[in-house]
Enquirer: 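Please see the structure below; I have some questions.
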There are 2 protein chains.
Amino acid sequence: MPQRQKGEQLTPVQENYLETIFRLETRDGAARASSIAEAAQVSRSTVTGALKALKNMGYVEYSPYSLIYLTEKGKEVGRRIAHRHFVFLAFLEKVLRLDPEKADSTACALEHVVSDDIVKRLGEFVLFLKNCPEFWSDWLEKYEKENLLEKSHTRSTIVEVLGTKQEREQK
Amino acid sequence: MPQRQKGEQLTPVQENYLETIFRLETRDGAARASSIAEAAQVSRSTVTGALKALKNMGYVEYSPYSLIYLTEKGKEVGRRIAHRHFVFLAFLEKVLRLDPEKADSTACALEHVVSDDIVKRLGEFVLFLKNCPEFWSDWLEKYEKENLLEKSHTRSTIVEVLGTKQEREQK
DNA sequence: GTATAAAGTTTTATTGCCCAAACTTTGTGC
DNA sequence: GCACAAAGTTTGGGCAATAAAACTTTATAC
């Protein structure tokens, strides 16, 4: 009965619901509570509560048992968060070379704790790197090397040992 | 009275307390509840509760009214989180060129939502970039240009317009 | 059209985090 | 050593997020 969240500010969790609904609506034309629950990995009852709050705040069109649509306000947020996700994903996958699954889950966590201007800067950075061929060849070579090392040993050990040796030789 | 958090897993908030205590202990020799409260921007009573939980979990040495020290286990976590902070800070400040204050607060948010291996990779990346002079000159030049633009206009507007123009000319 | 399954909701409860206010302990100045 | 301030704690409460269980509504199969 507590009819939660009369406040103004969206929480990270709520942002995530809006992003999820945005994706579902884009893909299917509308969102269902059960699809949201599945995508967000929460129970159906939790989704009901979240929808009530988001409706109160003017982010979703929703009445009990109905299909779910974002309002214009909701779409704006959903799109923005999805964009953040996209930018982080690109950085994690293309630059840091994480595997797609890990990159995705990490992007999902990062996307709610940064401001828009930082995401913009990061996006510009990734875009800029795309046009740096000499950078890429060196960086990917380094990446390949370390991946090979990781197969038989914990990388930290080896690199630390090697690093120390080299440093001593330089002195 | 609920004597919270007997569970095993540290929450982001708890990680942050450990990091804070780690810094204070490094700086002052020991942490005080009031310093923790100030650093973490919470009330003193909140800190008391957090300390009880962290003590129960074996991360801090603490008894009512006493000074606060991390256990070995606690130091390990505190140091690890502080390291994450350092890596993110370097990336945000040195690479993305955010102002120090913004970089710091953002690092503080990011540091709790990524795994160690990603931080390691990011650290390697930043380190790698340090030795890429040609990269830096181009990137900083781009950064300077955009900063000039920002002084009089919202950057997005201008860049979007310019970008569109250029794209049309190329076609 | 009715029985049944699926989808959605309500109720109730828990957990984590937080604060204000009232209280207790500790430390400091005189 | 005592009064007082500062530091710390306890009590009581609030809110966001969650789920399980019981319930209701909607859709489906026949």
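Every chain is numbered from 1 and lettered A, B, ... according to where its sequence line falls, protein lines coming before strand lines. If you're wondering where the values come from, they're calculated on a predicted model, not measured in any experiment.
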Enquirer: With a cut-off of 6.0 Å (strictly less than), are more than 12 heavy atoms of other residues, nucleotides or ligands near NZ of K130(B)?
Expert: no

Enquirer: Separation of I36(A) atom CD1 from dA7(C) atom C1', in whole Å?
Expert: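 Atom-to-atom, I36(A) to dA7(C), this comes out as 13 Å.
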
Enquirer: Tell me whether the centres of the aromatic rings in F22(B) and Y69(B) are closer together than 6.0 Å.
Expert: no

Enquirer: Do S137(A) side-chain atoms and E134(A) backbone N/O form a donor-acceptor pair below 3.5 Å?
Expert: yes

Enquirer: Just to be sure I understand the rule, does T46(B) reach a base, reach only the sugar-phosphate, or reach nothing, if contact means heavy atoms closer than 4.0 Å?
Expert: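 Here T46(B) touches the bases of the nucleic acid.
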
Enquirer: Atom OH of Y62(A) and atom C1' of dA7(C): how far apart are they, to the nearest Å?
Expert: 11 Å

Enquirer: To the nearest angstrom, how far is E38(A) atom CD from dA6(C) atom P?
Expert: 15 Å

Enquirer: Whole-Å distance between dA27(D) C1' and L67(A) CG?
Expert: 13 Å

Enquirer: What integer distance in Å separates E15(B):CD from dC17(C):P?
Expert: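 About 11 Å, once rounded to whole Å.
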
Enquirer: Check whether the side chains of T48(A) and S45(A) place a donor and an acceptor atom closer than 3.5 Å, and report yes or no.
Expert: no

Enquirer: Contact class for S45(B) vs. all strands (heavy atom < 4.0 Å): base, sugar-phosphate, or nothing?
Expert: base

Enquirer: What's the CG-C1' distance between L10(B) and dC17(C), to the nearest Å?
Expert: 15 Å

Enquirer: Just by modelled atom types, is the A31(A) backbone N or O under 3.5 Å from a matching donor or acceptor in the S35(A) side chain?
Expert: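 Pair absent, no side-chain N/O of S35(A) close to backbone of A31(A).
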
Enquirer: With respect to the phosphate group of dT10(C), does any side-chain polar atom (N or O) of T48(A) fall under 4.0 Å of OP1 or OP2?
Expert: no

Enquirer: Under the side-chain contact (heavy atoms from CB on, under 4.5 Å) test, which residues partner F86(A), sequence neighbours left out?
Expert: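 By the side-chain contact (heavy atoms from CB on, under 4.5 Å) rule, F86(A) matches no residue at all.
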
Enquirer: Output the rounded distance in Å from CD (Q9(A)) to P (dA17(D)).
Expert: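 So the CD-P distance, Q9(A) to dA17(D), works out to 12 Å.
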
Enquirer: Could you label the plane-to-plane angle of the F125(A) and W139(B) rings as parallel, tilted or perpendicular, counting under 30° as parallel and over 60° as perpendicular?
Expert: perpendicular

Enquirer: Closer than 4.0 Å, any side-chain N/O of K52(A) to the OP1 or OP2 of dT10(C)?
Expert: yes

Enquirer: dC17(C) phosphate, OP1 or OP2: any side-chain N/O from T11(B) under 4.0 angstrom?
Expert: yes

Enquirer: Could you encode protein contacts along nucleotides 22-28 of chain C as a string, one character per nucleotide from 5' to 3', using B for base contact, S for sugar-phosphate-only contact and - for no contact, with a heavy-atom cut-off of under 4.0 Å?
Expert: --BSS--

Enquirer: Give the rounded distance in Å between these two atoms: CG of N16(A) and C1' of dA16(D).
Expert: 15 Å

